[in-house]
Number of protein chains: 2
Amino acid sequence: MDDRLDAIFSALSDPTRRAILARLANGKATVAELADPFELSQPAISKHLKVLEQAGLIRSGREANSRPRVIEPAALKTIADWIADYRRFWDESFDRLDDYLTKVQGYEND
Amino acid sequence: MDDRLDAIFSALSDPTRRAILARLANGKATVAELADPFELSQPAISKHLKVLEQAGLIRSGREANSRPRVIEPAALKTIADWIADYRRFWDESFDRLDDYLTKVQGYEND
DNA sequence: TAGCTATATAGCCGAATGGATATATTCTTT
DNA sequence: AAAGAATATATCCATTCGGCTATATAGCTA
């Protein structure tokens, strides 16, 4: 589990990879489409995609000639959950809010 | 701003540094205290602390002979905010929840 | 002030990272 | 089947990273 966090945080530590992820937030895209905004070689982009995929942040599909990528929410949720443990440090009202929703509204939080 | 994210994600990609941060979530600690759980040299720990500090995740104090560290919530909030943009991918109810709080309870969300 | 304690810095080393170019692989199309 | 398109893999290179040992610095104590 620690290894997964390593891989996810490490993957996100690169601005190119975060930009790729941001692009994929708008939907499926091919490698060529993902590479387009950057002044990087195609292999460099493929490498970044491999890092993202091994971290579980994206998945590869197969469509005719191309291998479109889609975003994979689970990995992002993993680190969101990790950060949630620290949320009390900057958001005093978080715990009270959480209680309120659970008790009064019946919302469940993760 | 991108550089800040680089530094924060990169700092968090190491398990030793995440463990140090977890320890600091329980309150201020000296370098020696932080080093204790690990089988690493003291300089190695100092290096990790420097990385965390340069990422803005911790701060150094001065207390007699020692330089105690404390957690610094701002950096964690920075990446929590970054992740929040993707929350819709795994939490369908998030937007509705957000609306509900803003309208009915007057809570503000960043 | 001399020595002790706590921590930082310097320098070294091997492994990992991010980039490039060249080439291989896999479909699709003609 | 041959050519073209999309993408992956192999190498190579410079830089960064995480660890170590040795040493420096700063404050406390005798």
Side-chain angles (χ1 to χ4, degrees), chain A residues 2-24 27-72 75, chain B residues 2-24 27-72 75:
Chain A
D2 229 40
D3 297 347
R4 291 198 53 217
L5 285 173
D6 289 8
I8 298 169
F9 278 124
S10 180
L12 293 177
S13 73
D14 183 279
T16 301
R17 287 192 291 260
R18 287 196 308 275
I20 289 173
L21 215 58
R23 166 64 186 78
L24 287 176
K28 180 171 63 176
T30 67
V31 174
E33 287 166 349
L34 292 170
D36 194 55
F38 303 102
E39 294 191 334
L40 289 179
S41 65
Q42 171 265 311
I45 300 295
S46 280
K47 233 189 213 178
H48 281 305
L49 293 173
K50 194 169 202 173
V51 171
L52 287 168
E53 183 157 11
Q54 285 177 342
L57 286 158
I58 66 173
R59 276 198 345 252
S60 299
R62 167 63 83 170
E63 219 162 87
N65 210 5
S66 78
R67 280 154 237 201
R69 305 310 208 269
V70 290
I71 203 164
E72 183 66 81
Chain B
D2 228 40
D3 296 347
R4 289 198 54 217
L5 285 173
D6 288 8
I8 298 170
F9 278 124
S10 180
L12 293 177
S13 73
D14 182 278
T16 301
R17 288 193 289 261
R18 287 197 307 275
I20 288 173
L21 214 58
R23 166 66 186 78
L24 287 176
K28 181 171 62 177
T30 67
V31 175
E33 287 166 348
L34 292 170
D36 195 55
F38 303 101
E39 293 190 335
L40 289 180
S41 67
Q42 171 264 313
I45 299 294
S46 279
K47 233 188 214 179
H48 281 305
L49 293 173
K50 194 169 201 171
V51 172
L52 286 168
E53 183 158 11
Q54 285 178 341
L57 286 159
I58 66 173
R59 277 199 343 253
S60 300
R62 168 63 83 172
E63 220 163 85
N65 212 3
S66 79
R67 279 154 240 203
R69 304 310 206 270
V70 289
I71 204 165
E72 182 65 79

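Every chain is numbered from 1 and lettered A, B, ... according to where its sequence line falls, protein lines coming before strand lines.
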Measure the spacing between CD1 of B:I8 and CG of A:L12 and express it to the nearest 0.5 Å. 12.0 Å

I'd like to know if B:N65 reaches the base of C:dT5 with its side chain, counting only an N/O donor and acceptor under 3.5 Å. yes

Donor-acceptor pair under 3.5 Å, B:Q42 side chain vs C:dA6 base: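 No, no donor-acceptor pair under 3.5 Å.
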
Give the rounded distance in Å between these two atoms: [atom1] of [X] and [atom2] of [N].
X	N	atom1	atom2	result
A:K47	D:dA10	NZ	P	12 Å
A:L49	C:dT17	CG	P	16 Å
A:Q54	C:dG18	CD	P	12 Å
A:F9	D:dC17	CZ	C1'	18 Å
A:R67	D:dA6	CZ	P	12 Å
A:H48	C:dA20	NE2	C1'	12 Å
B:D6	C:dG18	CG	P	10 Å
A:L34	D:dA6	CG	C1'	13 Å

Assign [X] to base, sugar-phosphate, or nothing according to its heavy-atom contacts below 4.0 angstrom with the strands shown.
X	result
A:E63	nothing
B:K50	sugar-phosphate
A:L40	sugar-phosphate

Check the phosphate of [N] against [X], side-chain N and O only, distance under 4.0 Å to OP1 or OP2. Yes or no?
X	N	answer
A:S41	C:dG19	no
A:R62	C:dT26	no
B:S46	C:dT7	no

Side-chain donor or acceptor of A:R18 paired with backbone N/O of B:D2 under 3.5 Å: yes

Counting N and O atoms only, with roles assigned by atom type, does the side chain of A:R17 sit under 3.5 Å from a partner on the main chain of A:A11, one being a donor and the other an acceptor? yes

List the steps, then state whether side-chain hydrogen bond (donor to acceptor under 3.5 Å, both in side chains) holds for B:R69 with B:S60. CA-CA 5 Å; B:R69 304 310 206 270; B:S60 300; 3.0 Å; yes

Has B:R59 got more than 12 heavy atoms of other residues, nucleotides or ligands less than 6.0 Å from its CZ?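 No, the 6.0 Å shell around CZ holds no more than 12 heavy atoms from other groups.
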
Would you kindly compare B:P43 and A:P43 by the position of their nearest DNA chain C nucleotide and give the one closer to the 5′ end?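 By nearest-heavy-atom nucleotide position, the 5'-most residue is B:P43.
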
Whichever of B:R69 and A:A44 has its nearest DNA chain C nucleotide further upstream toward 5': B:R69

By nearest heavy atom, map A:V31 and B:E39 onto DNA chain D; which one lands nearer the 5' end? A:V31

